[in-house]
Amino acid sequence: MIKLHRLAGEIMTYLDAYEGSRPALDAAQILIVRGHSKKRIKADNMKNILDNLMEHLQAKEIDLLSDAGTDLISIMDENIRKNVEVGADPDIAGVQRLKESLENMNFTVEYRLGIAEKTGFFIVLYKDKSDMGPCFVEIVVSDLGE
């Protein structure tokens, strides 16, 4: 649990989104945190911000559509289901639907799936396409059971 909080804290601090962030789910094997960055992140720079974050974390990026991506999302899903009732079957396409849903609400969306410190994580940044307002941050940090 400590390593989940440490990694989440490092991500949120890097994005200047720690202050005011709040956990949506805080359990032994899974942590979901939401917040918004105090940095003036431009929508067209979110990809670079995430690339730099991955480098800063010395994280291995996992392709969402790969076998490793499917495995990591399945582990995260299992850890979530241990703590809350979910009314749907596990589905790798859920991430794509999330992205499409946010884009339909006029947000620019960037995300990464990765592993750092033997811990899996998923991070999504989204910001209004007009580039007004904050850049929102949501992260899922999951124990990999190793």
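Just so you know, these numbers come straight off a predicted model, no measurement behind them. Along the sequence shown, residues are numbered consecutively beginning with 1.
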Around atom [atom1] of [X], are there more than 12 heavy atoms of other residues, nucleotides or ligands at under 6.0 Å?
| X | atom1 | result |
| --- | --- | --- |
| N106 | CG | yes |
| K38 | NZ | yes |
| Y14 | OH | yes |

Shortest non-hydrogen contact from [X] toward [Y]:
| X | Y | result |
| --- | --- | --- |
| I41 | C135 | CB-CB, 4.1 Å |
| I75 | S142 | CG2-OG, 4.0 Å |
| S37 | V137 | N-CG2, 4.2 Å |
| N79 | I30 | O-CG2, 3.8 Å |
| L4 | D143 | CD2-N, 3.5 Å |
| G114 | M54 | CA-CE, 4.2 Å |

Distance (rounded to the nearest 0.5 Å) between [X] [atom1] and [Y] [atom2]:
| X | Y | atom1 | atom2 | answer |
| --- | --- | --- | --- | --- |
| I62 | L72 | CD1 | CG | 6.5 Å |
| K3 | T119 | NZ | OG1 | 4.0 Å |
| I32 | I139 | CD1 | CD1 | 10.0 Å |
| E117 | R6 | CD | CZ | 5.0 Å |
| E19 | M12 | CD | CE | 11.5 Å |
| E110 | N48 | CD | CG | 9.0 Å |

Using a 4.5 Å cut-off on heavy atoms from C-beta on, say whether the side chain of [Y] contacts that of [X].
| X | Y | result |
| --- | --- | --- |
| Q29 | E78 | no |
| V124 | K99 | no |
| L98 | Y111 | no |

Look at the side chain of [X] and the backbone N and O of [Y], then say whether any donor-acceptor pair between them is shorter than 3.5 Å.
| X | Y | answer |
| --- | --- | --- |
| S101 | R97 | no |
| T70 | S66 | yes |
| D77 | I73 | no |

Check the angle between the aromatic planes of Y126 and F107 and answer parallel, tilted or perpendicular using the 30° and 60° thresholds.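 If you compare the ring of Y126 with that of F107, the planes turn out perpendicular.
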Residue among N45, D51, D44 satisfying side-chain hydrogen bond (donor to acceptor under 3.5 Å, both in side chains) with K47: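 Of all the options given, the one that passes is D51.
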How would you list all residue pairs meeting salt bridge (charged side-chain N to carboxylate O under 4.0 Å, His left out) that involve residues 53-63, not counting sequence neighbours?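 Sorted result for residues 53-63: E61-R112.
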Please list all pairs passing the salt bridge (charged side-chain N to carboxylate O under 4.0 Å, His left out) test where one or both residues lie in residues 127-142, with sequence neighbours left out.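 The answer is R34-E138, K127-D131.
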Under the criterion side-chain contact (heavy atoms from CB on, under 4.5 Å), I'd like the reasoning laid out for L113 against M76: C-alpha separation, chi angles, the key distance, then a yes or no. CA-CA 11 Å; L113 181 65; M76 290 177 172; 4.1 Å; yes
Verify side-chain contact (heavy atoms from CB on, under 4.5 Å) between L102 and F136, making sure each step is shown before the conclusion. CA-CA 11 Å; L102 289 168; F136 295 95; over 6 Å; no
Carefully, step by step, assess L15 and I123 under the rule side-chain contact (heavy atoms from CB on, under 4.5 Å). CA-CA 11 Å; L15 296 169; I123 179 168; 3.5 Å; yes
